[in-house]
Each structure stands twice: as C-alpha cells, then as structure tokens.
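Accompanying notes for the structure given below.
Since the structure is predicted, the reported quantities are computational estimates derived from the model, not experimental observations. Atoms considered below: every heavy atom in the structure, side chains included; atoms not considered: hydrogens, waters and symmetry mates.
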Amino acid sequence: MNITIIEDEKLLSSNIAKKLNKNWYNTNIIDSYDSYKNSRYIKSDIYIIDISLRDWSWFDIIEDLRKVKKIKEPIIITSWYDNIDKKIYWLDLWADDYLSKPYDVEELIARIRALLRRSFNIDDNEIRYNNITYNQKNKLIKIDWKEIDLRTKEIQLIEYFLFNIWKVITKSELTSSVWWNYGDIEITDNTINVTLSKIRKKLGESFKLKTLINRWYLLEK
C-alpha cells in the first residue's frame, strides 16, 4: 500500500508518515512544487493533500492528478477550515473525503481503510477482491466464478479479513471476532495457523494475506 502525502508542514507530514509506516503503509512525502513535479508519476493507492499549501496551488495539483494523470485512486483533502460550504465544494471537486485539522492520525487511518473497502465494488451483497467473489448473503466464495469448498470458520476468517483490508490484525482479534462463540474452549495459535494454512491453500495467490513477525496478519489488495 503506497500513500502520497502532499503537505508543506514538514514536521506534520513526517509525524503522519511515521504513524502510517508503523501500520505497514509505505509513504511518499511531497513538500514542495518541485518535489511534486519530480514525484507526480509515482504510483499511489491514496493521496492525502493539504489545501493550505503556501507557495503552490492545491487546486492545480488535484486537477493535474484527475484530468492530466487521470488517476482514479482516492484523494483525502485536509484543511484548518471547518466551514460546511467549503467542505461540500471540495468534496464535489474530485475529492473523496475531507478531514479537518487538527486530526488524530488514527482517524486518518480509519478513513483510509474505509476508502479502500469501497474499492471492493460491493454490489447486491457481493464483494469482489482481485479475482475472488464473496457473496455475503449466501456465504459463498468463488474464484473466477468457480465455487470454492470452504468450512464455516474459513469463510468467517476470510470475511473478517475482507472487511479489514490493510489493517494489521492480531491473533487475539481473530479469536474474539471469529471464535467468540466457543465459550471456555481455548483457541490456540495452532488452531489459527492451521485454519489460515487451509485458506491459503484453497485460495492460492489470489488471497494476499501476509504474516508479520509471526504474530500479526495483513491482507493486501
């Protein structure tokens, strides 16, 4: 996951980048128009743009990204302004989300995940992820329209990861969210590892689930 931060307050952009990096996001900071011109063709999954840039036009940047570069990836704009009319105007002008300063980086990360979930193209209870289709209503998973035989807990785990794409997830989160109805029965690391191993085998490379430091999990797009 690559995120471009267009922000000329260097301390702020550095702090945001450090927090995003800790959450396994790759960041690219642009703090001047020259650096933008040199970085404009770097592929990003999300752009975070401050509209209060001192010596260059945020409008020109967004216009260039949308009309010239023709990017379709989400854009989050940030500003000290908190006027509702301005928010509506900016959201109508090619932006996907708006965040008022000062903001908590945890909220920014939550908004990033929400925007990424939209890329699943949810329609009529179906989530499409790469070449995987998951029907929430019928609890069916297909790869290239071929139904995959999965057990209940495997489906529940896949669903949990799909709704938490790009979020670092701990084993305790999986236990409380997927095995919550097991009462006093202890769910061991081996139970989780074996279930995930079966999922990886059945879904193959289509399901881009990473294990981080043997303790956490991260589903990539």
Has Lys22 got more than 12 heavy atoms of other residues, nucleotides or ligands less than 6.0 Å from its NZ? no
For the residue pair Tyr36 and Ile6, establish whether any side-chain heavy-atom pair is separated by less than 4.5 Å. yes
In chain order, what residues pass the side chain to side chain donor-acceptor pair (under 3.5 Å) check against Thr195, with sequence neighbours excluded? none
Under 3.5 Å donor-acceptor, Thr188 side chain and Thr191 backbone: yes
Is it true that Asp60 and Tyr33 share a donor-acceptor pair across their side chains at a distance under 3.5 Å? no
If you group Ile, Leu, Val, Met, Phe, Trp and Tyr by side-chain heavy-atom gaps below 4.5 Å, do Val194 and Phe207 land in one group? no
Around Asp149, counting heavy atoms of other residues, nucleotides and ligands shown, do more than 12 lie under 6.0 Å from its CG? no
Single-linkage hydrophobic cluster, 4.5 Å side-chain cutoff, Leu140 and Ile199 together: no
I'd like to know whether Glu106 forms a salt bridge (Lys or Arg N to Asp or Glu O under 4.0 Å) with Arg111, so could you lay out the CA-CA distance, the side-chain angles of the two residues, the decisive distance to 0.1 Å, and finally the verdict. CA-CA 9 Å; Glu106 292 296 337; Arg111 288 173 182 261; over 6 Å; no
Please collect all side chain to side chain donor-acceptor pair (under 3.5 Å) contacts where either partner lies in residues 202-211, sequence neighbours excluded, each pair once. Asn131-Ser206, Glu154-Lys202, Arg200-Thr211, Lys210-Glu220
Distance in Å, Ile141 CD1 paired with Ile158 CD1, rounded so as to fall on 0.5 Å steps: 3.5 Å
Sequence neighbours left out, what passes salt bridge (Lys or Arg N to Asp or Glu O under 4.0 Å) with Asp45? Give chain and number order. none
